[in-house]
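What follows is a single structure, written as structure tokens, with notes after it.
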Protein chains: 2
Amino acid sequence: MQDINKILDAAEASCSASGARLTDKRKQVLSCLLQSQKAQSAYDLIQGVKENYGATMQPTTMYRILDFLESENLIHKLQLANKYIYCSHISCDHSHEVPQFLICNSCDRVVEIDVNSELIKSLTRTVEQVGYTLVSPQLELDCLCADCAAHAA
Amino acid sequence: MQDINKILDAAEASCSASGARLTDKRKQVLSCLLQSQKAQSAYDLIQGVKENYGATMQPTTMYRILDFLESENLIHKLQLANKYIYCSHISCDHSHEVPQFLICNSCDRVVEIDVNSELIKSLTRTVEQVGYTLVSPQLELDCLCADCAAHAA
DNA sequence: GCAGAAATGATACAGTATATCATTGCTCTG
DNA sequence: CAGAGCAATGATATACTGTATCATTTCTGC
């Protein structure tokens with residue numbers, strides 16, 4: 001994990017490049033996400049920005065900010081858990097691959113991995129065979145992290 | 001799509017085999033799911049059994065029935081949409097593979113496919129490399145069906 | 001029939017997400 | 001630098017998804 005301030009700078013640069021603004025509130029939400037390896041819900045984050053920055057945000061505002069951050073490829077929404085996680089490639093040079101998430105269903109700790117491109121090709125072929133179109137090949141896998149697996153055993 | 005009554009019979013047989021009971025209410029819910037290729041939410045189904053059978057069910061009851069049907073492998077829960085779909089292998093002879101779902105994000109029409117086992121092996125290897133354990137390899141892909149893709153174009 | 005277990009009912013509430021309309025603040029142009 | 005127009009946020013209400021808890025009914029096997 002790199003220094004959070006560096007990532008925030010990279011995020012800001014990336015936003016300017018696309019003509020978007022990383023406002024204070026948006027930065028607060030992003031910071032909360034960057035400070036944890038765990039996926040957090042919109043309401044977790046409302047609580048988080050309150051504790052860390054004394055800022056109060058309504059759900060509407062939070063969801064709008066989350067949508068914005070997602071559209072800028074700074075965070076990911078995990079459908080499996082209805083939670084959000086920072087994108088681990090904000091300050092990378094190499095281009096984005098399709099993300100694959102391993103989500104601990106006990107503690108919400110998330111690992112982001114690039115999907116093997118062969119695998120994506122194989123999935124895409126299968127989808128096309130039945131006449132469907134793949135909108136997002138993002139994969140989310142229901143897992144247990146090492147710690148939680150140890151406790152459960 | 002086979003005849004629904006035959007599938008219901010197969011479902012009933014499968015339940016008896018595992019010492020479970022496919023009660024009237026459970027059968028009503030399963031029937032509603034079998035009558036549509038589209039994934040339906042718990043509340044959609046509450047509406048559905050009311051219209052089709054005049055039966056009123058509380059959310060608690062519906063979720064209990066859905067849990068039961070899932071535990072008997074008669075239906076699947078789709079995390080991507082928070083909706084439910086019948087299992088397309090209720091009256092098949094061949095053993096269940098890991099399911100992969102193609103979900104139209106516009107109309108909720110679902111296609112169920114067996115995942116290539118090589119692909120599952122590859123996923124499992126990746127997961128183990130980072131110390132995680134795969135709980136359920138069920139894959140859900142965000143797609144557009146042919147009809148919705150045509151309308152969008 | 002009766003005891004015990006399984007299934008369902010009833011009520012309340014927690015958590016997730018969006019609709020709608022109002023207000024504030026930034027940016028660009030003249 | 002004023003003011004128009006748009007981007008961002010605020011405020012209120014409400015819809016949707018899911019669970020906790022305790023009560024009642026129904027089924028099964030003895």
Side-chain angles (χ1 to χ4, degrees), chain A residues 11-12 15-16 18-30 32-33 38-50 53-72 74-85 103 105-106 108 140 142, chain B residues 11-12 15-30 32-33 38-50 53-72 74-85 103 105-106 108 140:
Chain A
E12 195 135 29
C15 282
S16 328
S18 67
R21 277 183 283 159
L22 191 63
T23 63
D24 285 351
K25 303 237 170 210
R26 287 167 175 174
K27 201 180 283 190
Q28 286 165 2
V29 173
L30 182 56
C32 283
L33 284 165
K38 297 188 180 185
Q40 297 176 72
S41 74
Y43 287 78
D44 290 340
L45 289 163
I46 287 174
Q47 185 64 17
V49 295
K50 185 163 199 173
Y53 305 100
T56 62
M57 290 189 201
Q58 268 72 39
T60 314
T61 300
M62 181 54 75
Y63 281 104
R64 276 190 289 227
I65 290 177
L66 291 168
D67 284 347
F68 169 84
L69 294 173
E70 196 181 13
S71 75
E72 294 293 319
L74 299 172
I75 67 171
H76 299 283
K77 167 157 196 183
L78 303 175
Q79 307 279 355
L80 202 55
N82 290 318
K83 290 184 163 67
Y84 300 82
I85 189 88
I103 308 168
N105 73 25
S106 171
D108 289 320
E140 303 178 17
D142 182 16
Chain B
E12 194 136 31
C15 283
S16 330
S18 68
R21 277 183 284 156
L22 190 61
T23 63
D24 284 352
K25 303 237 170 212
R26 287 168 176 173
K27 200 179 287 191
Q28 287 166 1
V29 174
L30 182 55
C32 282
L33 284 165
K38 298 187 179 184
Q40 298 176 74
S41 75
Y43 287 77
D44 291 339
L45 288 163
I46 287 174
Q47 185 65 18
V49 296
K50 185 165 198 170
Y53 305 102
T56 63
M57 290 189 202
Q58 267 72 39
T60 316
T61 301
M62 181 56 74
Y63 280 104
R64 275 190 291 226
I65 289 177
L66 290 168
D67 285 348
F68 169 84
L69 294 173
E70 197 182 13
S71 74
E72 293 293 320
L74 299 172
I75 67 171
H76 299 283
K77 168 159 195 181
L78 303 175
Q79 309 278 355
L80 202 55
N82 289 320
K83 289 184 164 65
Y84 300 81
I85 189 87
I103 308 169
N105 74 23
S106 172
D108 288 321
E140 303 178 18

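Per chain, numbering begins at 1; letters A, B, ... match sequence-line order. Side-chain atoms are counted along with the backbone in the values below, which use heavy atoms only and exclude waters and symmetry mates.
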Return the set of residues passing side chain to side chain contact (heavy atoms under 4.5 Å, CB included) with A:Ser18 (not counting sequence neighbours), or none when no residue passes.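 So A:Ser18 forms a side chain to side chain contact (heavy atoms under 4.5 Å, CB included) with A:Ala20, A:Glu72.
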Return the set of residues passing side chain to side chain contact (heavy atoms under 4.5 Å, CB included) with A:Ser106 (not counting sequence neighbours), or none when no residue passes. A:Cys104, A:Leu144, A:Cys148
Distance in angstrom units between [X] [atom1] and [N] [atom2], rounded:
X: B:Tyr63; N: D:dT21; atom1: OH; atom2: C1'; answer: 18 Å
X: A:Asp24; N: D:dA7; atom1: CG; atom2: C1'; answer: 15 Å
X: B:Ile46; N: D:dG18; atom1: CD1; atom2: P; answer: 11 Å
X: B:Gln40; N: D:dC16; atom1: CD; atom2: P; answer: 15 Å
X: A:Leu22; N: D:dA7; atom1: CG; atom2: P; answer: 17 Å
X: B:Gln58; N: D:dT21; atom1: CD; atom2: C1'; answer: 14 Å
X: A:Leu69; N: D:dT9; atom1: CG; atom2: C1'; answer: 14 Å
X: A:Arg26; N: D:dA7; atom1: CZ; atom2: P; answer: 11 Å

How many angstroms lie between atom CG of B:Leu80 and atom CD1 of B:Ile103, to the nearest 0.5 angstrom?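 Spacing of CG (B:Leu80) from CD1 (B:Ile103) equals 4.5 Å.
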Working to the nearest 0.5 angstrom, can you tell me the gap between A:Phe68 CZ and A:Cys15 SG? 4.0 Å
Output side-chain donor-acceptor pairs under 3.5 Å for residues 21-30 of chain A, partner residues at least two apart or in another chain, one line each.
{"from": "A:Thr23", "atom 1": "OG1", "to": "A:Arg26", "atom 2": "N", "distance (Å)": "3.4"}
{"from": "A:Arg26", "atom 1": "NH1", "to": "A:Arg21", "atom 2": "O", "distance (Å)": "2.8"}
{"from": "A:Lys27", "atom 1": "NZ", "to": "A:Glu12", "atom 2": "OE1", "distance (Å)": "3.0"}

Report the end-to-end axis angle of the helix from C:dG1-D:dC30 to C:dG30-D:dC1; each axis comes from five terminal pairs, and the value is rounded to 10°. 30°
Only counting residues at least two apart or in another chain, list the ones meeting side-chain hydrogen bond (donor to acceptor under 3.5 Å, both in side chains) with [X].
X: A:Gln79; value: none
X: B:Asn105; value: B:Asp142
X: B:Ser41; value: B:Asp44
X: A:Gln58; value: none

Within the 4.5 Å heavy-atom criterion, are A:Met62 and A:Leu66 side-chain neighbours or not? yes
Between which nucleotides of DNA chain C, read 5' to 3', does contact with chain B run, using atoms under 4.0 Å from its heavy atoms? C:dA6 to C:dT11
Write down the protein N/O and nucleotide N/O pairs, taken from nucleotides 23-30 of chain D, whose separation is under 3.5 Å; answer none if there are no such pairs.
{"from": "D:dC27", "atom 1": "O3'", "to": "B:Arg21", "atom 2": "NH1", "distance (Å)": "3.1"}

Can you work out whether A:Tyr84 or B:Ala20 has the more 5'-proximal nearest nucleotide on DNA chain C? B:Ala20
Heavy-atom donor-acceptor pair, B:Thr60 side-chain to D:dT21 base, under 3.5 Å: no
Can you sort out the partners of A:Asp108 under salt bridge (Lys or Arg N to Asp or Glu O under 4.0 Å), two or more places apart, ordered by chain and number?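 Partners of A:Asp108 by the salt bridge (Lys or Arg N to Asp or Glu O under 4.0 Å) criterion, ordered by chain and then number, come out as A:Lys83.
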